Protein chains: 2
Amino acid sequence: MMEQTDAVAALSALAHAGRLEVFRLLVKAGHAGMAAGKIAEATGTLPNTLSAGLNILTHAGLIHSRREGRSVIYSADFKAMSGLLTFLMEDCCSGEPAICGPVADLARAGTCAAEGCA
Amino acid sequence: MMEQTDAVAALSALAHAGRLEVFRLLVKAGHAGMAAGKIAEATGTLPNTLSAGLNILTHAGLIHSRREGRSVIYSADFKAMSGLLTFLMEDCCSGEPAICGPVADLARAGTCAAEGCA
DNA sequence: CAATTATTTCTATATTTCTCGAATTATCGA
DNA sequence: TCGATAATTCGAGAAATATAGAAATAATTG
């Protein structure tokens, strides 16, 4: 169960054009992930600025990294992403399911049960 | 279709413990909404500080207000909420649906089609 | 119209966050 | 070990954000 503090950290991390772009890039990249250098290249960010952003996303639990030779590969944490969405939708339309049925369905579906979902 | 600029505004608005609490309170309140004073009471915020927060959430498109007598009633914008979730999940696991099936379902469901959904 | 209640705006200060240049650490190949 | 490549850390200045006191606006009641 995600707490408000964690949610604020995750939302803060994503509330920045550059970091949001990076995160969505990693979401698309899936488990394969992307080397920091490739991300910098794709987004046109200076390496040190990007590194600061990756650090913030990592501490927010939204991404994680592994070293491969000289490169550090970053990838999205789908479980954390799912947890954040679930938190945001919690108690949505409580008592009035007619208001936002599809969103409520989303909340129920918002657990990442698939095998490979890290 | 939500753009990155809008998403960053919405995420920034939510990336604050007090505002996130207010938003979730309004999500629970549904269409009935809540008067500013009641929100201040429920969250223990000074009226002026709360007003600044409500203003930020409003400009981000996440909530809207209507006047009723002396009170101003605030309520969540479920359509905007849904749009933000959809944006965050866009292209999730593209090419590898096995990674995060439930989340992908969420993305497809993330449009608020219900009648009363403002 | 005066008093009361509800909320917002104005203004200033304190704090946090962002970005970049420079220096540092880590890994690999010759 | 030396040089090259990949990424991170440090430090400082600039910019954005948060909070609160005081004043102002809006709507209702006597």
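Because the structure is a prediction, the values reported are computed rather than measured. Computed over heavy atoms, backbone and side chain alike; hydrogens, waters and symmetry mates excluded.
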Worksheet item: Does the side chain to side chain contact (heavy atoms under 4.5 Å, CB included) test come out yes or no for A:R24 and B:F87, once each step is laid out?
Response: CA-CA 9 Å; A:R24 304 219 311 150; B:F87 178 83; 3.3 Å; yes
Fill in: Among C:dT27, D:dT29, D:dA7, the one nearest B:R70 by side-chain distance
D:dT29
Discussion item. Counting only side-chain heavy atoms from C-beta out, which of C:dA6, C:dA26, D:dT8 sits nearest to A:V72?
Written reply: D:dT8
Discussion item. Pair A:S75, A:L26 - check side chain to side chain contact (heavy atoms under 4.5 Å, CB included), show working.
Written reply: CA-CA 5 Å; A:S75 43; A:L26 292 178; 5.5 Å; no
Item to complete: Using a heavy-atom cut-off of under 4.0 Å over every strand shown, decide if A:A40 touches base, sugar-phosphate, or nothing.
Response: nothing
Worksheet item: Closest approach of A:F78 and A:G30, non-hydrogen atoms and distance?
Response: CZ-CA, 4.0 Å
Worksheet entry | For B:L20 against B:L14, the heavy-atom pair lying closest together | CB-O, 3.5 Å
Worksheet item: Can you tell me if the side-chain N/O atoms of A:Y74 get under 4.0 Å from OP1 or OP2 in D:dA6?
Response: no
Discussion item. Is A:S71 close enough to D:dA7 that one of its side-chain N or O atoms is under 4.0 Å from OP1 or OP2 there?
Written reply: yes
Take atom [atom1] of [X] and atom [atom2] of [N], then tell me their distance rounded to the nearest Å.
{"X": "B:E41", "N": "C:dA6", "atom1": "CD", "atom2": "C1'", "answer": "13 Å"}
{"X": "A:E68", "N": "C:dA26", "atom1": "CD", "atom2": "C1'", "answer": "15 Å"}
{"X": "B:R67", "N": "C:dT7", "atom1": "CZ", "atom2": "P", "answer": "8 Å"}
{"X": "A:L46", "N": "D:dG11", "atom1": "CG", "atom2": "P", "answer": "20 Å"}
{"X": "A:R66", "N": "D:dA6", "atom1": "CZ", "atom2": "P", "answer": "17 Å"}

Practice prompt. Give a yes or no on whether A:I73 and A:V22 share a hydrophobic cluster (residues Ile, Leu, Val, Met, Phe, Trp, Tyr; joining criterion: side-chain heavy atoms under 4.5 Å apart).
Written response: no
Worksheet item: Do A:I56 and B:L88 belong to the same hydrophobic cluster, where Ile, Leu, Val, Met, Phe, Trp and Tyr are linked whenever their side-chain heavy atoms lie under 4.5 Å apart, directly or via other members?
Response: no
Discussion item. Determine whether a donor-acceptor pair (N or O, by modelled atom type, separation under 3.5 Å) exists between the side chain of B:R19 and the backbone of B:S12.
Written reply: yes
Discussion item. Between B:T58 (side chain only) and B:L54 (backbone N and O only), is there a donor and an acceptor less than 3.5 Å apart?
Written reply: yes
Item to complete: Could you check which residues of residues 47-60 of chain A get a heavy atom under 4.0 Å from DNA chain D? Sort them by number, please.
Response: A:P47, A:N48, A:S51
Practice prompt. Please list, chain by chain and in numerical order, all residues satisfying salt bridge (charged side-chain N to carboxylate O under 4.0 Å, His left out) with A:R66, sequence neighbours excluded.
Written response: A:E68
Worksheet item: Counting only non-hydrogen atoms, which of residues 8-26 of chain B are less than 4.0 Å from DNA chain C?
Response: none
